[in-house]
*Asks:* 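To start, I am sharing the structure in question, which I have written as structure tokens.
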Amino acid sequence: QVQLQESGGGLAQVGGSLRLSCAASGRTSSNYAMAWFRQAPGKEREFVAAFRRSGGTTYYYADSVKGRFTVSRDNTKNTLDLQMNSLKPEDTAVYYCATGGGLITSSVRTWAAYSYWGQGTQVTVSS
């Protein structure tokens with residue numbers, strides 16, 4: 001089993017920044033991707049960003065966050081951080097950390113491919 005715990009959510013103003021952190025524990029594997037997804041009220045869960053080391057270190061970003069968000073992995077602490085800059089109201093959502101999936105490139109952005117999820121942390125961007 002793998003446990004994931006997110007932290008760092010909260011309230012930010014438009015143009016502001018927040019940093020989320022996901023701490024993984026248990027039977028983690030470096031073969032899996034670690035990813036961030038988000039879900040706004042009334043909308044489907046969508047991919048935000050991911051890190052995958054299998055086959056070489058690779059970072060993935062949704063087009064909507066590219067250039068504003070940066071994902072980073074700390075292997076010693078087994079954490080995945082998401083630095084969010086230039087926040088927009090449409091970034092408001094519950095953000096989830098996930099792992100246990102993303103073994104192949106085509107599945108990295110697919111939420112259904114991940115087996116383990118954190119409880120989520122709320123991010124609210126106000127204008």
Side-chain angles (χ1 to χ4, degrees):
Q1 276 289 55
V2 175
Q3 294 79 41
L4 300 172
Q5 181 64 55
E6 303 99 336
S7 61
L11 179 65
Q13 292 189 332
V14 172
S17 299
L18 284 174
R19 188 176 183 89
L20 306 183
S21 185
C22 173
S25 60
R27 302 183 68 175
T28 59
S29 171
S30 60
N31 293 325
Y32 293 129
M34 286 190 72
W36 287 97
F37 288 81
R38 67 187 181 186
Q39 188 166 19
K43 294 188 177 181
E44 292 189 356
R45 192 167 297 190
E46 65 173 1
F47 171 77
V48 176
F51 164 87
R52 189 173 69 137
R53 192 167 57 191
S54 178
T57 300
T58 306
Y59 299 90
Y60 303 83
Y61 294 95
D63 288 342
S64 59
V65 307
K66 200 174 293 183
R68 301 189 298 122
F69 291 10
T70 303
V71 67
S72 58
R73 174 91 165 111
D74 187 326
N75 292 320
T76 59
K77 297 180 180 179
N78 215 7
T79 58
L80 184 75
D81 288 356
L82 182 68
Q83 178 65 42
M84 304 185 295
N85 298 328
S86 302
L87 285 164
K88 303 177 180 180
E90 51 264 42
D91 294 321
T92 296
V94 177
Y95 284 69
Y96 297 92
C97 178
T99 192
L103 290 174
I104 56 176
T105 302
S106 61
S107 68
V108 170
R109 293 178 170 85
T110 305
W111 69 265
Y114 291 81
S115 300
Y116 303 106
W117 293 83
Q119 293 297 310
T121 185
Q122 177 70 46
V123 170
T124 303
V125 183
S126 65
S127 56

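Predicted model, so just to flag it, every value in this text is computed and none were measured.
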*Asks:* Linking I/L/V/M/F/W/Y whenever their side-chain heavy atoms sit closer than 4.5 Å, directly or via other members, would Trp117 and Tyr95 fall into one cluster?
*Replies:*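 As far as the 4.5 Å side-chain criterion goes, Tyr95 and Trp117 are not connected within one cluster.
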*Asks:* Can you name the residues that form a side-chain contact (heavy atoms from CB on, under 4.5 Å) with Asp63, not counting sequence neighbours?
*Replies:* Lys66
*Asks:* So which atom in Asp91 and which in Ser86 form the shortest heavy-atom distance, rounded to 0.1 Å?
*Replies:*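 Of all heavy-atom pairs spanning Asp91 and Ser86, the closest is OD2-O, 4.4 Å.
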*Asks:* From Leu82 CG over to Thr121 OG1, what is the distance, rounded to the nearest 0.5 angstrom?
*Replies:*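 Output value for this atom pair is 11.0 Å.
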*Asks:* Could I get the full list of ring-ring contact (aromatic ring centres under 6.0 Å, His included) partners for Tyr32, not counting sequence neighbours?
*Replies:*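 None.
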*Asks:* List, one per line, each side-chain donor-acceptor pair under 3.5 Å for residues 99-114, sequence neighbours excluded.
*Replies:*
{"unit_1": "Thr99", "atom_1": "OG1", "unit_2": "Ala33", "atom_2": "O", "d": "2.9"}
{"unit_1": "Thr105", "atom_1": "OG1", "unit_2": "Arg52", "atom_2": "NH2", "d": "2.8"}
{"unit_1": "Ser107", "atom_1": "OG", "unit_2": "Ile104", "atom_2": "O", "d": "2.9"}
{"unit_1": "Tyr114", "atom_1": "OH", "unit_2": "Val108", "atom_2": "O", "d": "2.7"}

*Asks:* With Phe47, which residues qualify under ring-ring contact (aromatic ring centres under 6.0 Å, His included), at least two apart?
*Replies:* Phe37
*Asks:* Decide yes or no for Asn78 and Ser25: does some side-chain heavy atom of the first lie under 4.5 Å from some side-chain heavy atom of the second?
*Replies:*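 Asn78 does not reach Ser25 side chain to side chain.
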*Asks:* Which atom names give the shortest non-hydrogen contact between Ser127 and Val14, and what distance separates them?
*Replies:*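 Closest pair (atom of Ser127, atom of Val14, distance): CA-CG2, 3.6 Å.
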*Asks:* For Gln83 and Asp81: C-alpha separation, side-chain torsions, deciding distance, then whether side-chain hydrogen bond (donor to acceptor under 3.5 Å, both in side chains) applies.
*Replies:* CA-CA 6 Å; Gln83 178 65 42; Asp81 288 356; over 6 Å; no
*Asks:* Do Lys77 and Ser21 make a side-chain contact, defined as non-hydrogen atoms from C-beta onward lying under 4.5 Å apart?
*Replies:*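 Counting from C-beta outward, Lys77 and Ser21 never come under 4.5 Å.
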*Asks:* So among Gln119, Arg45, Gln122, which one has a side chain to side chain contact (heavy atoms under 4.5 Å, CB included) with Val94?
*Replies:* Gln122
*Asks:* Only one of Tyr59, Tyr61, Tyr60 clears ring-ring contact (aromatic ring centres under 6.0 Å, His included) with Phe51; which?
*Replies:*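 Exactly one candidate clears the test, Tyr59.
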*Asks:* Within the structure provided, determine whether Met34 and Thr28 are in side-chain contact (heavy-atom separation under 4.5 Å).
*Replies:*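 No, every pair of side-chain atoms sits at 4.5 Å or beyond.
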*Asks:* Quick one: side-chain hydrogen bond (donor to acceptor under 3.5 Å, both in side chains) pairs with a partner in residues 6-16, sequence neighbours left out?
*Replies:*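 Listed once each, the pairs would be none.
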*Asks:* Checking Arg38 against Val123 for the side-chain contact (heavy atoms from CB on, under 4.5 Å) test, could you report, in this order, the C-alpha distance in whole Å, the side-chain angles of both residues, the deciding distance, and whether it holds?
*Replies:* CA-CA 9 Å; Arg38 67 187 181 186; Val123 170; over 6 Å; no
*Asks:* Please list all pairs passing the disulfide bond (SG atoms under 2.5 Å apart) test where one or both residues lie in residues 73-122, with sequence neighbours left out.
*Replies:* Cys22-Cys97
*Asks:* Measure the CG-CG distance between Leu80 and Leu4 for me, rounded to the nearest 0.5 Å.
*Replies:* 9.5 Å
*Asks:* Give a yes or no on whether Leu11 and Met84 share a hydrophobic cluster (residues Ile, Leu, Val, Met, Phe, Trp, Tyr; joining criterion: side-chain heavy atoms under 4.5 Å apart).
*Replies:*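 No, Leu11 does not connect to Met84 through the hydrophobic network.
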*Asks:* Would a 4.5 Å heavy-atom cut-off, applied to side chains only, mark Arg53 and Asn75 as touching?
*Replies:* yes
*Asks:* For a quick test of reading the model, state the closest non-hydrogen atom pair linking Gly8 to Leu18 and the distance between them.
*Replies:*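 Taking every non-hydrogen atom into account, O-CD2, 4.2 Å.
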*Asks:* How many angstroms lie between OG1 in Thr124 and CG in Leu87, if you round to the nearest 0.5 Å?
*Replies:*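 Nearest 0.5 Å value for the OG1-CG distance: 10.5 Å.
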*Asks:* Do Tyr96 and Val48 belong to the same hydrophobic cluster, where Ile, Leu, Val, Met, Phe, Trp and Tyr are linked whenever their side-chain heavy atoms lie under 4.5 Å apart, directly or via other members?
*Replies:* no
